[in-house]
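What you see below is based on every heavy atom in this structure, not just the backbone, and it leaves out hydrogens, waters and symmetry mates. All residue numbers refer to positions in the sequence shown, counting from 1.
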Amino acid sequence: MRPVGVVIPTRGDRPVPLREAVEAALAQDWPVSVVVVVDTPAQEGVPVDVPAQQGAPPDGTACRDVAAQLAGVSGPVRVLPNSRTPGLPGARNTGVDACDTDLVAFCDDDDVWLPGKLAAQVQALRDGAEFASCGIEVEHGRHRVARLAGVPAVTAADLVRSRMVMVHSSTFLFERGRLWADESAPAGQNEDWDLALRAAKRRPIAYVDRPLVRVRWGGSHYAARWADRIAGLDWMLARHPELAVDSRGAARVYGQLAFGHAALGHRREAARWALRTFAARLGEPRAPIALAVAAGLVPARAVVSMLHNRGHGI
């Protein structure tokens, strides 16, 4: 059995979900070691072992607080500060650096792995794949919706045509040293889509089409940061020009840009991107939704909440 290093970035502000994420990773029927990376400058703390009472507390307040949140957790867990670029990609890469395993997996600090997740994914890698994902169960409030890809492998063309929310960062399992999160992603936006797309360009992503990760959308740090989301989409268009070639994929991205500008009250920009959306694909639903938000007919947050209840995003 090939042990898996599990990287869980955190800001330390979600103690209950973080503990649940760590305990679910440790409960897998597979050998794991967990690295919890606190997204603060490296000078704020030094690596520590958990349970905290078994070793000297870290010098930094954030690391010390996270270690305390995980006190008593049974299993191999380390808490250390982000030693790279501040933000989610740097925290992920810090965790990958700290792993001594051939395989690495990501989990967000508000998500939970379901039983059998790692065993199924490691099995999927045995046919020559470098990168694996799996289905998810989206949880928003009292609603839970399974999101599956319906395929045994995800290609780069699939990820250009659709963001494929079920290829979620908390499902990622890959061979260490092959790929790294890109720390230039603005505010960490779309670093997971970029990573999956780069992986799929190398080889198709092995996909286990069962919901093996519960993704909790209610507490996302990114859901309503519209300026950051716009910057992240611009970054993706610049990095992956093929996104503007596929008409369906282009319309989706343009529609998201229209909606982001509408949510910020940028009516002219929202209209401009909506027109580009219609030009790429007349049937793309994000354009009329964005125009409705821009016209003040419906609040952006109401649209997002309704979609999240159905397991979808904008």
Close aromatic pair by centroid cut-off 6.0 Å: [X] and [Y]:
| X | Y | answer |
| --- | --- | --- |
| F278 | Y254 | no |
| W273 | F259 | no |
| W217 | H308 | yes |

When you look at H312 and R147, which way does the side-chain contact (heavy atoms from CB on, under 4.5 Å) test go after all the steps?
-> CA-CA 9 Å; H312 293 266; R147 296 295 308 274; 3.3 Å; yes
Quick check: are there more than 12 heavy atoms from other residues, nucleotides or ligands sitting under 6.0 Å from CZ of R126?
-> yes
Please walk me through it: do T94 and D97 pass side-chain hydrogen bond (donor to acceptor under 3.5 Å, both in side chains)?
-> CA-CA 5 Å; T94 294; D97 280 336; 5.4 Å; no
Roughly how far, to the nearest 0.5 Å, is the CZ atom of R198 from the CZ atom of R202?
-> 10.0 Å
Determine, for [X] against [Y], whether the closest basic-nitrogen to carboxylate-oxygen distance falls under 4.0 angstrom.
| X | Y | result |
| --- | --- | --- |
| D110 | R216 | no |
| R11 | D109 | no |
| D29 | K117 | no |
| D192 | R92 | no |
| E284 | R248 | no |

ILVMFWY cluster, [X] and [Y] together (side-chain gap under 4.5 Å):
| X | Y | answer |
| --- | --- | --- |
| L233 | L291 | no |
| V208 | V32 | no |
| L195 | W180 | yes |
| V165 | L114 | no |
| V36 | V16 | no |

How about [X] and [Y]: do any of their side-chain heavy atoms sit closer than 4.5 Å?
| X | Y | value |
| --- | --- | --- |
| C99 | R176 | yes |
| D194 | M236 | yes |
| D111 | E137 | no |

For R229 and N190, run side-chain contact (heavy atoms from CB on, under 4.5 Å): C-alpha distance rounded to whole Å, both residues' side-chain angles, the deciding distance at 0.1 Å, then the answer.
-> CA-CA 8 Å; R229 294 182 72 172; N190 290 319; over 6 Å; no
Over 60° means perpendicular and under 30° means parallel, so classify the ring planes of H261 and H266, tilted if in between.
-> tilted
Heavy-atom nearest pair, G12 first then T10, reads N-OG1, 3.0 Å
Worked check of side-chain contact (heavy atoms from CB on, under 4.5 Å) between D39 and L88 | CA-CA 7 Å; D39 188 20; L88 184 55; 5.8 Å; no
